[in-house]
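What you see below is based on every heavy atom in this structure, not just the backbone, and it leaves out hydrogens, waters and symmetry mates. Since the structure is predicted, the reported quantities are computational estimates derived from the model, not experimental observations. Position 1 is the first residue of the sequence; numbering continues from there.
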Amino acid sequence: MTAEPVIDQQQARATAEVPATVRASLSPSRAADFKTCPLLYRFRSIDRLPERPSVEQARGTLVHAVLERLFDLPATARTPEAAGDLVAPQWDRLVAEQPELAGLFDADDAAGAAEFLRSAAGLLRGYFTVEDPRRLEPAEREALISAVVDDELLIRGYLDRLDVAPDGALRVVDYKTGGAPREAFEARALFQLKFYALVLWRTRGVVPRVLRLLYLKDAEVCDYTPDAEELRRFERTVVALWQAIEAATRRQDFRPRPSRLCDWCNHRALCPSFGGTPPPFPADAGAADPLVDARSRPAAPGADE
């Protein structure tokens with residue numbers, strides 16, 4: 001019998017526990033899409049247009065996979081050398097599970113593929129300059145967490161890592177493989193972490209003490225401390241955001257919001273801001289499974305790097 005992937009098992013358990021009142025689902029990635037550009041949300045979540053993974057996204061996914069597996073090792077064995085040894089086998093596993101990754105490099109581009117693996121190993125060396133994994137025992141890794149807000153909206157996403165102190169304090173850790181935080185990307189990253197903090201607060205009754213961003217490329221740490229009142233305001237923001245998404249869906253009106261991020265958009269050729277024409281609005285846009293947020297599941301670890 002073929003084993004079901006861990007992420008799919010988590011998804012099935014989370015869906016089974018959803019109250020009957022829930023009629024919609026939202027992940028931090030898709031919520032951030034709508035905040036960044038409503039048309040991007042439409043392309044990804046309603047039209048479900050395919051996107052070819054970039055080298056940067058694939059590198060992020062690979063680094064996340066290695067850091068997850070690193071903590072399977074005994075504490076004393078969690079060394080830079082051990083992490084480096086995990087790079088190639090984890091890449092082979094990812095390519096087997098996601099065949100589209102194999103197309104990142106031409107068959108005759110062995111040098112490009114080798115440089116890709118070396119660059120991932122370099123990011124992992126950056127990780128060891130900001131943390132010593134031999135002193136850590138994460139409570140959860142790459143965990144799917146979810147909560148219901150406003151009785152009808154399921155919010156959920158994948159935590160890179162959750163640390164729990166002896167006194168019960170929570171620290172949410174998110175790995176970033178891009179450069180040091182720039183304003184637009186830092187705001188998106190903190191939005192994502194507040195999303196997780198809200199879920200943890202609503203499900204466990206504890207406001208995380210620290211939300212931590214680890215920027216591996218530049219070996220920088222960004223810590224943020226939320227409080228309960230801030231999370232209440234954030235919850236209202238998330239609900240209002242979903243109401244805006246529902247209104248846009250009813251009107252079939254998702255307008256582009258041009259910014260510097262357009263340079264990295266997979267769907268620029270279809271955007272009216274650049275002379276393109278979006279596809280016809282799907283006739284069944286309002287009839288989709290309410291628990292399916294953007295394709296089959298929330299964005300996988302590393303996908304937003």
Side-chain angles (χ1 to χ4, degrees), residues 1-14 58-98 101 113-114 116-145 157-178 193 196-197 199-200 203-204 206 208-223 300-305:
M1 181 174 70
T2 302
E4 185 180 17
V6 172
I7 286 178
D8 289 345
Q9 291 175 354
Q10 292 177 336
Q11 176 90 358
R13 287 196 297 270
R59 186 184 295 113
T61 301
L62 173 57
V63 169
H64 279 74
V66 170
L67 290 175
E68 181 186 8
R69 296 302 189 275
L70 182 68
F71 286 98
D72 288 337
L73 301 176
T76 56
R78 299 170 195 161
T79 64
E81 294 75 21
D85 289 342
L86 288 169
V87 171
Q90 285 304 306
W91 178 243
D92 291 341
R93 178 183 66 82
L94 289 170
V95 170
E97 294 176 356
Q98 305 173 44
L101 294 176
F116 170 79
L117 296 180
R118 281 194 295 270
S119 66
L123 289 171
L124 290 164
R125 287 192 293 273
Y127 166 73
F128 282 88
T129 68
V130 294
E131 277 194 336
D132 183 354
R134 295 172 299 179
R135 301 176 61 185
L136 299 168
E137 290 299 339
E140 298 180 37
R141 290 171 280 145
E142 307 296 2
L144 176 61
I145 60 173
Y158 289 96
L159 289 173
D160 286 352
R161 200 180 83 214
L162 181 66
D163 300 333
V164 180
D167 64 357
L170 304 181
R171 179 172 64 192
V172 179
V173 180
D174 197 66
Y175 307 123
K176 295 298 178 188
T177 54
L193 288 183
Y196 298 150
V199 172
L200 292 169
T203 55
R204 307 188 189 194
V206 178
R209 181 177 295 172
V210 177
L211 307 180
R212 172 166 292 180
L213 293 162
L214 297 183
Y215 289 91
L216 308 187
K217 182 178 179 181
D218 296 307
E220 292 192 14
V221 178
C222 176
D223 281 348
D304 289 334
E305 295 303 316

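Residues satisfying the side chain to side chain donor-acceptor pair (under 3.5 Å) test with D132, not counting sequence neighbours, are R134. The salt bridge (Lys or Arg N to Asp or Glu O under 4.0 Å) search around D223 returns R212, not counting sequence neighbours. Residues satisfying the side-chain contact (heavy atoms from CB on, under 4.5 Å) criterion with A114, sequence neighbours excluded, are R118.
For the pair L101 and W91, the minimum side-chain heavy-atom distance is below 4.5 Å. Contact check for R161 versus R171: side-chain heavy atoms found under the 4.5 Å cut-off. Looking at heavy atoms from C-beta onward, V172 lies in side-chain contact with L162 at the 4.5 angstrom threshold.
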Using distance only, find each side-chain donor-acceptor pair of residues 122-129 under 3.5 Å and give its atom names and separation, not counting sequence neighbours.
| unit_1 | atom_1 | unit_2 | atom_2 | d |
| --- | --- | --- | --- | --- |
| Y127 | OH | E131 | OE1 | 2.8 |
| T129 | OG1 | G126 | O | 2.6 |

Throw together a table of side-chain donor-acceptor distances under 3.5 angstrom for residues 69-77, partners on residues two or more places apart or in other chains.
| unit_1 | atom_1 | unit_2 | atom_2 | d |
| --- | --- | --- | --- | --- |
| D72 | OD1 | R141 | NH1 | 3.1 |
| D72 | OD1 | R141 | NH2 | 3.2 |

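Of all heavy-atom pairs spanning A83 and V66, the tightest one is O-CG1, 3.6 Å. Of all the heavy atoms in K217 and G178, the pair that sits closest is CB-O, 3.3 Å. Between Y196 and I145 the shortest heavy-atom distance is O-CD1, 4.0 Å. Among all heavy-atom pairs drawn from V63 and A120, the shortest one is CG2-O, 4.0 Å.
One finds the CG atom of D174 at 10.0 Å from the CG atom of L211 (value rounded to the nearest 0.5 Å). Considering NZ of K176 and OH of Y215, their distance stands at 6.5 Å, rounded to 0.5 Å.
The only option from V87, L86, L67, T177 that meets the side-chain contact (heavy atoms from CB on, under 4.5 Å) definition with L62 turns out to be V87. No option in L193, L214, L213 other than L214 meets the side-chain contact (heavy atoms from CB on, under 4.5 Å) test with V173.
Counting only distance, with no hydrogens or angles, the side chain of D160 and the backbone of Y175 share a donor-acceptor pair below 3.5 Å.
Using a 4.0 Å cut-off between charged side-chain N and carboxylate O, E140 and R204 make a salt bridge.
The salt bridge (Lys or Arg N to Asp or Glu O under 4.0 Å) analysis of residues 74-91, with sequence neighbours excluded, yields the pairs R78-E137.
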>> Please evaluate residues H64 and L94 with respect to the criterion side-chain contact (heavy atoms from CB on, under 4.5 Å), reporting the C-alpha separation (whole Å), side-chain torsions for both, the decisive distance (0.1 Å), and the verdict.
In response: CA-CA 11 Å; H64 279 74; L94 289 170; over 6 Å; no

